[in-house]
Amino acid sequence: MIIVKLPNGQEQTVVEAKDGFELTTKVDPKRELGVIVFEFDGELFDLSTSLDSLAEATSTTPNADRPESIAITLVSAASEKGREVLRHSTAHVMAQAVLELWPGAKFAIGPSIADGFYYDFALPNAARFSDDDLEIIEKKMRGIIKSNQRFTRQECTIEEGKVLFADQPFKLEIIDRVEQASGDDIDIAEGVSSKGISTYRNTETFVDLCRGPHVPSTSRLGHFRLMRVAGAYWRGDEKRDQLQRLYGTAWESKQALEEYLARLIEAERRDHRKLGVDLDLFHFPPEIGSGLPVFHPKGALVRHLMEDFSKKSHLASGYQLAWTPHLAKSTLFEISGHLEWYKDGMYPPMEMEGATYYPKPMNCPMHILIYKSRQRSYRELPLRLFEFGTVYRFERSGVLHGLARVRGLTQDDAHIFCSPSQLGDELTRLLTFVVSLLRMFGLDDFEAELATRPEKSVGDDKEWEEATQALEYALVNSGIPFVVAKGEGAFYAPKIDVHLKDAIKRRWQVSTLQVDLQLPQRFDMEFVDSDNTRKRPYMIHRALFGSVERFFAILLEHYAGALPTWLSPVQFVVLPVKETNDDYANLVNTKLAAIGGRSIVVSATEPLGARIRRSKLDKVPYILVVGDRDEPAGTIGVNRRDSQSPDTDVALEDFLSLVESEIAPNLVGGPN
RNA sequence: GCCCGGGUAGCUCAGUCGGUAGAGCAGCUCACUCGUAAUGAGCAGGUCAGGAGUUCGAAUCUCCUCUCGGGCUCCA
């Protein structure tokens, strides 16, 4: 007896079926459900897999009776698991096409990834793919798909595998690696385990090392597109060969493919680098250097609003301001350990009057010096020092990305010094502060990562354990969903990274909270406790925006440039219908300014429609039209950014009281 | 840093076979005085990213450099 769960959620019972094909045919004779693989006991299998063998495999003893019933879930192409399979299968077809087009090409690995797949190749004679090749490969792939080739699974021993892939060095390396490793299932994803090798063969000439499963035949594929060619290091190791990686996307239907391509266009529309130019916010002058932006008046105003809001919220939450310079002598970074651990990321030194100066890559050492400027009492703790600190990091040229990854960045940086017993509560309080501040920017879909000790790190295990526990305590207390990222911590501290999802569900890392037990030691920090003994404070590093530049980019992309009113550089545009309405327009403008609004008047030197269009393109929240009709009545026409049709004859005073709460933010944080 | 692809007016782009550069928008001037997403005319705007080479002649072909985009690696 087989209990079958269909992709549409229904359940059916089937008395007997020898394999997935037969089962599918019985429950879906017209093949309307698009079943490509099935799931049993949490694992996916080819439809050709014998159900008898599965049933036997689940018996606890070899001779026991077979279980009375087994549960099978049929997986359609139009599900997350199904798409993974079909993308993986499409990757295989791509490899087959490349190997046919470039005889002698070596192929490495080709997994499915979010929204698509890739495959890595090394072409003969160090040849390289060009963008034009994508079209040729796509054509070949369509031929393979049309010829309806079956994906046939074959299992063999490691020795047989070595013969089969004798001319494929990357495949051999995968096999060798498993053979040499003591563990059981290391490379199972690539079709090799200590038990043997699984392969999939489509034709006499094309066979790939692979765990599977796959779609039954190539005819189930077809809604795909090759996207781009890129370089990728073999095994992700930059000391090894750089292979050519081809990226593609694949979907269960033409419609799904088109929706995906539309999403890419939507993301492009939101690209902060494009919006930065269109809205006249910032740019990267080549004369200054890569990764070093300048902010134009409108962009600088938005920055100011962000920073001002943040600064006031911090002051209202028990932080004190600090200000520190951009350069320091090498001694400081020797003590802090930056020169030992992080030199590659620092700008090169400058020599002056016999001393060596470095631009600072972080603010923490300087904040520590403020702490150490005099003896500290337990009564002062927690001591919270906050600064918009501009730091310089030598990011490699290839990683720069608009405002999201720059070489000169401003952190909304604070360091909290507290006693060991205060740590847990301070972290909880901090997380609450983080979330409420981010919410004020209209972001409310968070997930945290608790990053634990990496291999390359300093300090003893007990301290790491203690700090990690304090972070976890805070996460649990604050109720933010989190996952543990093992070994992803900083070299000196475990951390919480807060990620958020933007309006089109993209994940961005923003805030980071780190518990540092190293720097207090390195700087020999202390406080006098209530029992008159000297103790070492704990230290928390934290940045909520992460960097102002990066956060700016995230906001722009989240809002597609249409920033909330309180952050909009221009909140109101007042448009007199005719020049004779200028006086009234100016009056409206003055009243808006009086409640703190940022408003401009654009006189009637152009037709009204043109001026409205321009303001709409500038994404101004409110366009206010005033004409002959309004002047005697004390009204305005209100054209909202998010609306197609205007509200006319709105009483000015009503409008003013309506928008007053919208033009400035509410502070986050309360009395300490 | 590495791989692939770009760089032509402020922006978006055209430029054929190598014969010395073009459009729309934006800008400026003038006219138009307008009720909810583009008024009209005129003007101006270029070391075709920079440098070197091939050629009688280079935006166009070759090489180098800079820079941007997509990836890889990296992100204390």
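Quick caveat, the model's predicted, so the values are computed rather than measured. Convention: sequence-line order gives letters A, B, ...; per-chain numbering from 1.
Protein atom NZ of A/Lys239 is 10 Å distant from nucleotide atom P of B/C74, rounded to whole Å. Rounded to whole Å, atom C1' of B/G71 lies 16 Å from atom CG of A/Asp115. Straight-line distance from the CZ atom of A/Phe284 to the P atom of B/C68: 9 Å, rounded to whole Å. Rounded to an integer number of Å, the gap from CG of A/Leu403 to P of B/C75 is 22 Å. B/U73 atom P lies 8 Å from atom OH of A/Tyr118, rounded to whole Å.
Minimum interatomic distance between A/Met539 and A/Pro520 (heavy atoms only, all atoms of both residues): CB-CG, 3.8 Å.
Between the side chain of A/Arg396 and the base of B/U73 there is at least one donor-acceptor pair of N/O atoms closer than 3.5 Å.
When heavy atoms are screened at a 4.0 angstrom cut-off, A/Ser397 is found touching base atoms of the nucleic acid. In this structure, A/Arg629 reaches the bases: a heavy-atom distance under 4.0 Å links it to at least one base atom across the strands shown. A/Asp344 comes within contact range of no nucleotide atom at all, as no heavy-atom separation falls under 4.0 Å. Among the heavy atoms of the strands lying under 4.0 Å from A/Glu579 is at least one base atom, whether or not backbone atoms are also near.
The closest side-chain heavy-atom distance from A/Phe117 to A/Met94 is below 4.5 Å.
Comparing the C1' positions of B/U47 and B/U20 gives an interatomic distance of 13 Å, to the nearest angstrom. When the P atom is compared between B/A14 and B/C56, the two are found 32 Å apart, to the nearest whole Å.
For the pair A/Leu400 and A/Asp237, nearest-nucleotide mapping onto RNA chain B gives the more 5' position to A/Leu400.
Put simply, the residue from A/Thr512, A/Asn363, A/Leu519 that forms a side chain to side chain contact (heavy atoms under 4.5 Å, CB included) with A/His541 is A/Leu519.
Within the structure, a side-chain polar atom (N or O) of A/Ser290 is placed less than 4.0 Å from OP1 or OP2 of B/C68.
Taking the ring axis of A/Phe107 as reference, the NZ or CZ atom of A/Lys171 stays within 45° of it and closer than 6.0 Å to the ring centre.
Side-chain proximity of A/Pro607 to the nucleotides B/C34, B/U73, B/G70 is greatest for B/C34.
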